[in-house]
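Okay, so here's the structure we're looking at.
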Amino acid sequence: MTDVLEPLAEDQWFIDHPLLHQFVATVQAARSRFEGNYVGLLAALEPPFQELLARSGWLPDPFLAPNPASGMGGGIGQWLIYRSADRSLTLFSLVVPAGSATPVHDHLAWGLIGLYQGHQEETVYQRQDDEQTSPSLSHDHDQATLHSHQAESHAYLQVAEVRSLRPGDLYGLLPPKGDIHAVKTTSPEASVSIHLLGNDTGCVWRHQFNPEAQTVRSFRSGYSNAPCLEKDPQIVG
C-alpha cells in the first residue's frame, strides 16, 4: 500500500455553494497572512467560522447523515466538503449518532471545530508518557512510520477537561494542546460538527487511544464519501 499521499490535480469540492467558496478563500488568505503564526491564524478565522456555523441551508442532508460503514465505528459519518489539491486543508462534517461516541483520537494538525447541530460532550486528554504522538506544529509527521506501527503500544492519558457543547460553540486545535479528545452525542438527535483542519485528516495516519487499557495504535479514519488515494480507492470510511 502507498503511504505517502499524492497531490491532487485540483482542489476538490463536494458541496458547491457560494458561502463555502467565500469561506475557503478567506481561510487561504489568512494562511498566507499568518504563515507560521498558528495562534494568530486561529484567532483570525474564528469570526468567519462562527458565521459559517450560524448559517443554515448550505449543508445538504447527506452530509448530516450517519454512516453504518464508518471507519471510526459507531455509525459515525465523516463527510468531506472540501480538500485542497496539496492536501494541506480540509473541511468536513462529522456526524455522531445519538448514543454514540468517537474513539479517543488525535488530529496532528491545527484546526477549528464547531458544533452545527445537536449537543455533545467533549473530553480532552493530555498524554503523560510520550508527547511525540501529538507533536508541535513545527514537526513533520512520518506517515510511513505511523502506518508501520499499527500494533498497540503503551500510552498513559489523563483527562484535562470535560465540556458541554451546544450549536455555535467552537474550539481550536494547536498540537499538542487539545489535540487528543473524544466526543459523544448527548442530544436525542445526531450531533453534527464542522471541522476545518490543516491536513487531509481522514487520510493521514494518526492515533487512536484506549485510556482504560493505556494503549495507542495508528489508524486512518477515511471519509464516508471520498477515497484517500487514487491507488488505494478502497479506503473510504
Side-chain angles (χ1 to χ4, degrees), residues 8-34 41-72 75-98 100 102 107 109-120 122 164-173 181 183 185-203 221-228 236-237:
L8 304 168
E10 58 185 2
D11 289 1
Q12 293 181 322
W13 293 91
F14 296 86
I15 302 175
D16 188 11
H17 193 287
L19 181 64
L20 290 173
H21 285 271
Q22 179 182 356
F23 175 71
V24 169
T26 298
V27 172
Q28 296 290 33
R31 292 178 74 195
S32 297
R33 189 164 72 253
F34 290 95
L41 174 63
L42 292 189
L45 291 179
E46 280 193 13
F49 192 62
Q50 192 81 62
E51 181 179 351
L52 181 68
L53 294 174
R55 297 284 292 272
S56 61
W58 60 268
L59 193 61
D61 287 347
F63 293 79
L64 301 166
N67 176 21
S70 168
M72 294 191 77
I76 296 169
Q78 187 167 342
W79 303 97
L80 188 59
I81 297 170
Y82 166 82
R83 176 163 56 186
S84 64
D86 63 1
R87 300 180 184 262
S88 69
L89 186 69
T90 52
L91 184 69
F92 59 91
S93 66
L94 191 75
V95 183
V96 183
S100 287
T102 68
H107 308 83
W110 66 266
L112 284 172
I113 300 173
L115 197 59
Y116 185 75
Q117 172 185 294
H119 296 167
Q120 287 182 347
E122 182 200 18
S164 297
L165 303 172
R166 300 293 183 266
D169 289 344
L170 61 84
Y171 50 92
L173 302 175
H181 79 164
V183 297
T185 296
T186 55
S187 52
E189 73 279 6
S191 64
V192 180
S193 53
I194 306 301
H195 294 234
L196 176 72
L197 272 296
N199 65 2
D200 194 352
T201 310
C203 292
S221 62
Y223 297 107
S224 300
N225 59 332
C228 284
V236 178

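What you see below is based on every heavy atom in this structure, not just the backbone, and it leaves out hydrogens, waters and symmetry mates.
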Review point. Under the 3.5 angstrom rule, does the side chain of Gln50 hit a backbone N or O of Gly168 as a donor-acceptor pair?
Key: yes

Review point. Can you tell me how far OG of Ser84 sits from CD of Gln28, rounded to the nearest 0.5 angstrom?
Key: 6.0 Å

Study note, to complete from the structure: CG (Leu94) and OG1 (Thr201) are apart, to the nearest 0.5 Å, by 10.5 Å

Review point. Which atom names give the shortest non-hydrogen contact between Leu170 and Leu112, and what distance separates them?
Key: CD1-CD2, 4.3 Å

**Study point:** Non-hydrogen side-chain atoms of Leu41 and Arg33 separated by less than 4.5 Å
**Key:** no

Review point. Does Glu51 have any salt bridge (Lys or Arg N to Asp or Glu O under 4.0 Å) partners at least two apart in sequence or in another chain, and if so, which?
Key: Arg55

**Study point:** Glu189 atom CD, neighbour heavy-atom count above 12 within 6.0 Å
**Key:** yes

Review point. Rounded to the nearest 0.5 Å, how far does CG of Leu64 lie from CG of Leu59?
Key: 4.5 Å

**Study point:** Nearest-0.5 Å distance that lies between atom CG in Asn199 and atom OG1 in Thr90
**Key:** 6.0 Å

**Study point:** For the student: nearest non-hydrogen atoms of Ile113 and Phe49, plus distance
**Key:** C-CE2, 3.7 Å

Point to revise | Heavy-atom closest pair, residues Pro66 and Gly75 | key: CB-O, 3.2 Å

Point to revise | Partner of Gln78 by side chain to side chain donor-acceptor pair (under 3.5 Å), out of Ser224, Ser221, Ser93 | key: Ser221

**Study point:** Residue from Phe63, Tyr116, Phe23 passing ring-ring contact (aromatic ring centres under 6.0 Å, His included) with Trp58
**Key:** Tyr116

Point to revise | Min side-chain heavy-atom separation Leu19-Leu52 under 4.5 Å | key: yes

Practice item. Please list, chain by chain and in numerical order, all residues satisfying ring pair (Phe, Tyr, Trp, His ring centres under 6.0 Å) with Tyr82, sequence neighbours excluded. Key: Trp13

Review point. Once you round to the nearest 0.5 Å, how far does SG of Cys228 lie from CZ of Arg83?
Key: 6.5 Å

Review point. Does the Asn225 side chain pair with the main chain of Trp79, one donor and one acceptor, at a distance under 3.5 Å?
Key: no

Review point. With distance as the sole test, does Ser187 use its side chain to make a donor-acceptor pair with the main-chain N or O of His119 at under 3.5 Å?
Key: yes

**Study point:** Evaluation steps, side-chain contact (heavy atoms from CB on, under 4.5 Å), between Leu89 and Asp11
**Key:** CA-CA 10 Å; Leu89 186 69; Asp11 289 1; over 6 Å; no

Study note, to complete from the structure: When every non-hydrogen atom of Ala190 is compared with those of Pro97, the smallest separation belongs to CB-CA, 3.9 Å

**Study point:** Minimum heavy-atom distance Leu165-Tyr171, with the two atoms named
**Key:** CD1-CE2, 3.6 Å

Revision key, fill the gap. d(Ile194 CD1, Leu91 CG) to nearest 0.5 Å is 6.5 Å

Point to revise | Beyond-backbone contact of Leu197 with Leu173, side-chain heavy atoms, under 4.5 angstrom | key: yes

Check your understanding: Shortest non-hydrogen contact from Thr26 to Pro48?
Key -> CG2-CG, 4.1 Å

Practice item. Please assess Val95 against Asn67 for the test side-chain contact (heavy atoms from CB on, under 4.5 Å), listing each intermediate value before the final yes or no. Key: CA-CA 8 Å; Val95 183; Asn67 176 21; over 6 Å; no

**Study point:** With His195 via ring pair (Phe, Tyr, Trp, His ring centres under 6.0 Å) - residues at least two apart
**Key:** Phe92

